Structures are given as structure tokens and as C-alpha cells.
Amino acid sequence: MKRFNVAVLPGDGIGPEIVGEALKVMKAVGKKFSAEFVATEALVGGASIDAYGKPLTDEVLKIALGADAVLLGAVGGPKWEGLDYSIRPERALLALRKELGLFANLRPARIYDELIDASTLKPEVIKGVDLLVVRELTGGLYFGTPKGVETLPDGTERGVNTMVYTTPEIERIAKVGFEVARKRRKKLCSVDKANVLETTELWRKVVIKVGKDYPDVELSHMYVDNCAMQLIRNPGQFDVIVTENTFGDILSDEASMLTGSIGMLPSASIGSDKRRAMYEPIHGSAPDIAGKGIANPIATILSAAMMLKYSFDMNEASDLIERAVEKVLARGLRTADIMQPGKTKASCSEMGAAVLKELEG
Ligand code: IPM
Ligand code: MG
């Protein structure tokens with residue numbers, strides 16, 4: 001029996017509901033593949049602010065650092081929006097990414113044939129789309145200094161954020177991009193704004209240099225504005241996209257809409273230390289539907305599947321979860337966000353239970 005310690009951080013809003021379903025699924029696959037997932041649950045984000053006055057306590061950070069992997073739900077909500085940036089729920093997420101050294105965020109966007117009509121885009125545009133956004137996660141605008149808002153002598157204010165990347169930071173994310181492309185269709189598109197931003201001019205230069213070690217991977221470059229357009233014009237052209245933090249944040253939300261719902265997209269955040277990784281849906285805490293039991297747990301369930309694959313080398317178990325999700329969709333079960341005429345509406349827990357049943361059956 002293999003044992004894995006998982007730090008479970010449900011967070012805010014729909015976080016606890018969706019994480020609850022993912023945990024049930026993990027438990028079931030664990031049984032099937034003789035693995036035990038020992039979950040240590042802790043508060044993070046707004047829930048932690050309410051309990052301890054800050055979004056991430058040292059204790060919880062320690063739990064995350066000591067775990068074999070972290071499963072996170074979502075953080076944030078209107079209740080905490082008035083707070084200073086330094087203690088907002090989102091800080092917990094940024095601190096976890098930084099402290100765990102998770103510089104690479106993998107966000108796969110795959111179109112399930114079953115959901116083609118759930119997307120706002122035309123079926124012929126999205127059919128067969130299977131792309132992966134590799135988002136740099138611990139640099140760029142999110143972390144660069146100087147940053148902040150200052151009051152000028154004339155009483156007006158001045159806000160600053162800095163987009164900064166060093167050669168080693170670009171090299172390591174580029175390598176991740178090439179490595180994952182190598183395991184897929186061997187196409188890597190590096191997205192930058194090299195026609196305007198010096199930082200990303202450096203980005204392009206370094207990516208080209210790293211690419212010399214990957215002659216089997218076809219490398220292309222695209223400006224981020226063009227990429228935003230191409231993603232809805234012809235998403236089928238993409239295999240792996242590698243890009244800086246903010247661009248990746250925006251493009252991955254856009255990519256999620258190809259799949260019909262942001263409630264479908266999982267993510268894995270990894271670094272150079274294989275024992276450190278965090279898995280979370282790419283969507284937020286959805287405070288408007290929190291507590292109603294109608295959230296889509298699939299993104300979190302698929303995030304758990306990514307955990308099994310990337311952190312625990314349990315490929316077969318991971319595939320099994322993905323197949324189970326596919327089958328449930330094929331049977332016509334839909335949460336509200338992907339509901340279509342003629343399908344069967346499922347609550348969050350009904351969707352989770354249906355995936356469980358497929359797994360066990
Ligand atoms: C994401 C989210 C986060 C981000 C927020 C909640 C801080 O949008 O994971 O994409 O901006 O990275
Ligand atoms: Mg985002």
C-alpha cells in the first residue's frame with residue numbers, strides 16, 4: 001500500500017463543495033490501486049482571514065510544504081474585497097505558489113465531443129481541440145517590483161506593477177514547455193509581446209535558445225493579442241502554448257470557453273522539486289452560486305487526476321478518472337454551467353456521485 005500525504009485546502013465559496021467531490025473520487029481510486037491518500041485539511045483564503053486574520057498562516061504553509069501534493073479549491077469573495085491587497089484571500093494562492101516554488105502552471109483545455117454544443121463557439125471551430133497552456137506562475141507582473149500605489153505631492157495617485165523576467169526564469173519555464181510538447185504533438189507556441197515589451201523580447205530570445213536542445217519540437221512565436229484572436233478563430237492550430245504569468249492567466253480563461261465552461265478546466269502547478277505541487281481548478285470561488293450545491297466539480301476532479309499522474313506516477317488511475325468523467329458526460333449528465341436541452345441536470349454532489357459510480361462499476 002502506497003501512502004501519500006495530501007494537503008487539502010478547500011478555501012472559499014464553492015471550494016469546499018467541489019473539493020469534497022474530488023476527495024471522494026480520490027478515495028475510490030486509491031482503493032482500486034492500493035494507494036492511500038492521507039488528507040490534512042486546512043483553512044486558506046477568506047476562510048483563514050475570518051479565523052486567523054490572514055489568508056495563509058505559517059502553520060498551513062508548513063502543512064503544504066510538508067505534503068506530497070496540495071489540492072486547492074478556490075479563494076476569494078466579495079466579503080474580503082475591501083481589504084488591503086497584502087491580506088486579500090488571493091495572496092494565499094500567490095504565496096503558496098511562490099513558497100512552494102511552483103513556477104509552471106499546466107492548464108489543459110480539451111473539448112469533449114459531448115460538450116461541443118455547450119460552447120458559445122461553432123462546433124466546426126472547436127471540434128477536436130486539445131491544447132495545453134503552460135503559464136509561468138511565480139514571476140512577471142504578479143511578483144515584479146517596484147509595485148504599489150503612492151500618493152504624489154499634488155494629491156493624485158500613481159500605481160505601479162513591474163513585468164520582470166530573468167534568463168533563468170525564462171529558461172526553466174521554456175524547458176517545461178518543450179518537455180510537455182515532446183510528450184504531445186510536438187508543437188510549442190511561445191506567446192509574448194516582443195514588438196513592444198523588452199521583457200518579452202528577452203523571453204523570445206531565451207525560448208529560441210532553449211529550443212536548440214529540442215530540435216524535434218516545432219517552435220513558433222505569437223504576439224499575445226494575436227494569440228487571443230487565434231484562440232477563438234482557429235484553436236485547433238495549438239498544441240502547447242508557453243507564456244508569461246499575466247498573459248497565461250488571461251489566455252487560459254479564454255481557452256476554457258472553448259470547452260463550454262470554465263468549470264471543466266483543471267490545472268497542475270509544478271516546480272523543479274517533484275515533491276512539491278499544487279492542483280486546482282482554474283476557476284474561482286464563484287460566490288454567487290456558493291452553498292447552492294450546483295457548482296461543477298469536474299475541474300477539481302480532473303485536477304485530482306492530474307495529481308495522480310504528475311505527483312504520484314499513477315497514470316492508469318489518472319486515466320481511469322478521465323474516462324469516468326467522459327462516460328458521465330456521454331450519459332447526458334450536466335451541471336448547470338454546461339446544461340443543454342434534453343440533458344439531465346445534476347447537482348454538484350450528483351455529478352460527483354456519478355463519476356464515482358463509473359469508477360467503481
Ligand atoms: C488563476 C486565478 C488567480 C490568478 C487569482 C485568483 C489570484 O485567476 O489561478 O488563474 O490570477 O492567478
Ligand atoms: Mg485566472
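Predicted model, so just to flag it, every value in this text is computed and none were measured. In listed order, ligands and their atoms are each counted from 1.
- Checking D249 against the Mg ion (ligand 2), an N/O/S atom falls under the 2.8 Å cut-off.
- The nearest protein atom to atom 8 (O) of ligand 1, hydrogens excluded, is given as D249 OD1, 3.3 Å; this is a heavy-atom distance.
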**Study point:** Intermediate values then yes/no, side chain to side chain contact (heavy atoms under 4.5 Å, CB included), K127 and I116
**Key:** CA-CA 7 Å; K127 184 153 179 49; I116 273 198; 3.8 Å; yes
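- Distances from atom 5 (C) of ligand 1 to the heavy atoms of L93, I282, L72 put L93 nearest.
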Point to revise | Stepwise side chain to side chain contact (heavy atoms under 4.5 Å, CB included) test for Y165 and N245 | key: CA-CA 10 Å; Y165 276 106; N245 205 342; 3.6 Å; yes
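- In terms of heavy-atom proximity, K187 sits nearest to A181 at O-CB, 4.0 Å.
- Using a 4.5 Å cut-off on side-chain heavy atoms (C-beta onward), V60 and L43 make no contact.
- Considering every non-hydrogen atom in both K186 and D239, the closest pair reads N-OD2, 3.1 Å.
- The nearest pair of heavy atoms linking L102 to S269 is CD2-O, 3.6 Å.
- Across the listed options R88, E280, H283, E90, E90 owns the non-hydrogen atom lying nearest to atom 7 (C) of ligand 1.
- In this structure, the protein non-hydrogen atom closest to atom 11 (O) of ligand 1 is Y142 OH, 2.5 Å.
- By the 3.5 Å distance cut-off applied to N or O atoms, R135 is counted among the residues near ligand 1.
- For ligand 1, the polar-atom distance check finds an N/O of R97 within less than 3.5 Å of one of the ligand's N/O atoms.
- The shortest N/O to N/O separation between R107 and ligand 1 falls below 3.5 Å.
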